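For reference, the structure discussed in these notes is given below.
Counting from 1, the numbers follow the sequence of the chain as shown. Just so you know, ligand 1 is whichever comes first in the structure, and atom 1 is the first atom listed for that ligand. Being a predicted model, the structure only gives us computed values, none of them experimental.
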Amino acid sequence: MEEPHVVSKDKKHKKNGMLAPLVLLFIFMAVMVIYISTLMYRVAVSNSNAVMEDRVLSVSAMINSHLNTAENVLHVAGDSVHHMLISGTTSARIHEFLVDETTNVSEQFDENYTGLYGFIMGKYIDGLNWEPPAGYDPKTRDWFIVAKDAEGKVVFSPPYIDAQTGNMIISVCRLLPDKQSVIALDVQLQGIQSMMKDLNVSGKGYGFVVDEGGMIIAHGDESLKGTNLCDTDEGEEFYRAISQAGTGSFSYNWDGKKNTVYVNKITNDWHVVMVVSDSELYSDVRIQSIVIIVICILIFSLIVGIYYMVYKNEQKYTKRMEEMKLEEQRAEYDRMVLEIEKDAANAANKAKSDFLANMSHEIRTPMNAILGMDEMILRSVTGDPIRKYALDIQSAGKTLLSIINDILDFSKIESGKMELIPVEYSFSSVMNDVVNMTMKKAQDKGIQYNLSISEAIPSKLHGDEIRVRQVMLNLINNAIKYTHEGSVSVGVEYDGTSQMLRVTVSDTGIGIKEEDIGKLFGLFQRVDEDKNRNIEGTGLGLNITMRLVQMMDGTVDVDSHYGEGTTFVASMKQEVVDATPIGDFAQNIMRMQMDQEEYKPALIAPDARVLVVDDNDMNLEVIEGLLEDTRIKITTAESGQECIDILREKSFDIVFLDQMMPGLTGAQTLAEVKKEHLADDTPIIALTADAIMGARENYLKEGFTDYLSKPVMYEALEALLVKYIDSRLILTEEQLEDEKKKKQEDRPVILVISDSAENLQKLKETISDDYKGVFVRNEESAKKYLKNHEVEFVLKDDRIG
Ligand code: ADP
């Protein structure tokens, strides 16, 4: 429970670690947005203010100039009329002047200046020749009253609706120096009204001109022209703000909307006003702000997205790492379990192989005695039936040994202990062994034995020669076993490309039923048991063969016709060491056999000294018996210690040292002997009943010169002696011949006297080889012989007198 907690805390911590920069980024971006927006707002405000103020000022200038023109015109006209009055010009003349001036003004300026008129010399005179209606009193008109009040200054009357045109107009008027006459000029306000359409910025806002009384003189919305702001409280308040501002700008809430108002005071105390609602004014800024915000949000989302992906990836990576770590731990755990299991299995295997070694030893030791003793019986007995019994014991013993060997091989394979021990070997020598061990069997059975050995087989191969031989022997022995008449053919060839040694064994034997072929290679499988009941076998041979062949990267194939015969083909991978072809093997084998017969030394070595060490009396006796004919001087020892003691005293030509002995084992004895340098030049041969894997190599590794397996077979024993004993100690054929001759000559003589040829022949047969018989027909001859020779004793036929 503890660990997940820690992990989640860790994750939370990580998450927080991821969030903090995001929050910071968010704050940073928000500040940026606010800052940029404010900046833009300010710039926009100052820009708009400048533009608006500029617009108001330019419209104001236009209105000013409009009014000033009217003022100037009136000023000039007033001065002219004043001079005319002083010079006593008639009113008709003044009327003419006004008419001319009116025409001039409208031609020179524009139609907004409608006409000059006045109350001059107590009379209303009009430059446009307008006839006032009856009852018209100029002195009641605004222009007259205002001018009078202004006392000679040019002033403007309040706006009013022109009686003639219905348009809003103002009159600019002036009291002449005579203090009686007033001259005036009407100015249409249409022109000012038309200026209102320019009083905005790109359509934003509206403008108007208001006089000092709050009346709207011109307005963007023409319908409001002529109305008075001060008619409503709200309007009045607004007007007050306008007149307070004079010239400049101020913010003002109107109809619940925030507005910026630009004001400029012009001639006649009028104000040119422009009103722009803030929402309109800053709509661009708002749009830009929104765009910036959107862009920022997009950038932020993008960063968050990337960040999130990185975070997820990192999480995935961390998770994967954790999983991998877990997997590694699991694999480590599995490996440990496997190791423990393997150790246990190894221990079990070791126990098994120890058991096999012991069992093999236990069985082989008595077998050694049985076969050895049997050999001695065979050597010493010539007549039936004892010799036959002994031969039967030998055959049964050998069969038993081969069964034990098969079982051991099988156990080795099963426990995985079977290993190939590849060495460099001569193919001819292996083939020679195989032929020697099988040909005679076939011939004894009256079966023809055919050999077809490819001449191209390389002379030296690299592989496990013992197993190659075993496979060949298994197949050939089976062929001989299961063939009652006809032939057994053995063919061998080598395929250089696949490096396969291919052995084909065909027979004309009983064959195998098709349905049985699948079972052949099974364990303990014997097929067609009715027929084969009398043939010895365990059903292990083919299984072992197959497994050995598989170990050698090869295959076994079988082709059989029931009742006609069988062909087995085994291929085994063997590397080439010397590619020289073996040549004609059949010829070679004949020569080899002949050579053997010619040169095989009869192993008689009376001067050779052999030490045999074995704790088992019977085994010592067997070896002594087997070697009796060799006349080798045999010394025996029953323990390792005794062996060491003897070696301290004497030297030998060869030592056979048993492995399993109470006290010092063979290996320990050897170690001691080597340590004391007791037999440095003497071959020491391990004598053992072990038949388990690796025994051979182990003994060589431990320092033994060679290895002799029990039960000791005479041939193997003799071969070892020939190999290791100094050849000068072995008597040659000639020496033996000489010895024999000498021996014969030195034999004691028996003198036999008989006149019967038949008796003489009988006596010849009864005298043993140890005596030399001299046969004479009569005493006379006997005497002659006795004169020159010494005889042991004389045999005389009764019938001779
Ligand atoms: P076994 O010890 O019985 O010979 P193998 O494993 O060598 O065991 O052979 C298994 C069986 O295959 C034998 O029992 C025999 O029935 C059959 N078999 C083997 N070789 C031949 C052959 N050359 N001809 C006929 N049958 C054979």
Side-chain angles (χ1 to χ4, degrees), residues 360 363 367 395-414 418 434-435 437-452 466-492 502-552 554-572 691:
S360 110
I363 297 175
M367 282 302 293
S395 152
K398 283 185 176 168
T399 308
L400 181 56
L401 260 183
S402 91
I403 292 173
I404 291 168
N405 284 343
D406 272 1
I407 292 175
L408 289 179
D409 274 349
F410 156 73
S411 313
K412 270 186 265 173
I413 293 172
E414 280 294 284
M418 175 69 89
V434 171
V435 173
M437 289 161 91
T438 52
M439 191 194 248
K440 193 164 176 305
K441 259 192 227 170
Q443 285 163 353
D444 287 351
K445 240 181 133 178
I447 300 166
Q448 198 184 322
Y449 190 92
N450 303 322
L451 262 184
S452 158
I466 293 188
R467 299 307 174 190
V468 172
R469 189 173 19 219
Q470 190 176 346
V471 167
M472 288 165 97
L473 283 175
N474 263 348
L475 296 180
I476 301 172
N477 281 334
N478 270 354
I480 298 170
K481 237 176 13 175
Y482 297 106
T483 303
H484 302 307
E485 56 186 18
S487 64
V488 168
S489 307
V490 181
V492 188
R502 191 167 298 116
V503 181
T504 310
V505 180
S506 310
D507 63 54
T508 57
I510 59 172
I512 303 160
K513 287 182 190 152
E514 213 177 317
E515 65 264 28
D516 287 338
I517 286 189
K519 301 185 213 157
L520 278 186
F521 298 98
L523 276 180
F524 305 106
Q525 282 289 348
R526 307 203 67 212
V527 298
D528 211 3
E529 294 245 37
D530 301 346
K531 264 199 188 172
N532 297 342
R533 212 174 23 243
N534 297 326
I535 303 176
E536 280 167 357
T538 52
L540 274 177
L542 280 183
N543 182 272
I544 292 170
T545 301
M546 184 193 66
R547 301 224 209 170
L548 287 177
V549 163
Q550 280 171 350
M551 286 174 79
M552 290 187 266
T555 50
V556 199
D557 295 316
V558 58
D559 179 26
S560 186
H561 298 280
Y562 192 56
E564 289 175 27
T566 310
T567 300
F568 280 94
V569 182
S571 51
M572 297 162 271

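In the model, Arg547 has no side-chain atom that pairs as donor or acceptor with a side-chain atom of Gln550 under 3.5 Å. For the 3.5 Å distance criterion, the side chains of Thr567 and Asp559 fail to qualify, holding no donor opposite an acceptor. A side-chain N or O of Thr438 and one of Tyr449 form a donor-acceptor pair less than 3.5 Å apart.
Shown in contact with Leu520 at under 4.0 Å from a heavy atom are these atoms of ligand 1, numbered in order with element: 12 (O), 17 (C). Under a 4.0 Å criterion applied to the non-hydrogen atoms of Lys481, ligand 1 contributes the atoms 1 (P), 2 (O), 4 (O). Atom numbering of ligand 1 starts at 1 in the shown order; those under 4.0 Å from a heavy atom of Leu540 are 6 (O), 8 (O).
For ligand 1, one of its N or O atoms has an N or O atom of Gly541 under 3.5 Å away. For the pair Asn478 and ligand 1, the shortest N or O to N or O distance falls below 3.5 Å.
The two atoms that bring Thr508 and Ser487 nearest to each other are OG1-N, 2.9 Å, heavy atoms only.
Assignment of Ala479 to the shell around ligand 1 is supported, since a heavy atom sits closer than 4.0 Å. Distances from ligand 1 to the non-hydrogen atoms of Phe521 include no value under 4.0 Å.
For the pair Lys513/Asp516, a side-chain contact is recorded, criterion being any heavy-atom separation below 4.5 Å from C-beta on.
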Could you walk me through whether Ser506 and Ser489 pass the side chain to side chain donor-acceptor pair (under 3.5 Å) test, one step at a time? CA-CA 5 Å; Ser506 310; Ser489 307; 5.6 Å; no

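With a 4.0 Å heavy-atom cut-off, ligand 1 is reached by the backbone of Leu542 and by its side chain too.
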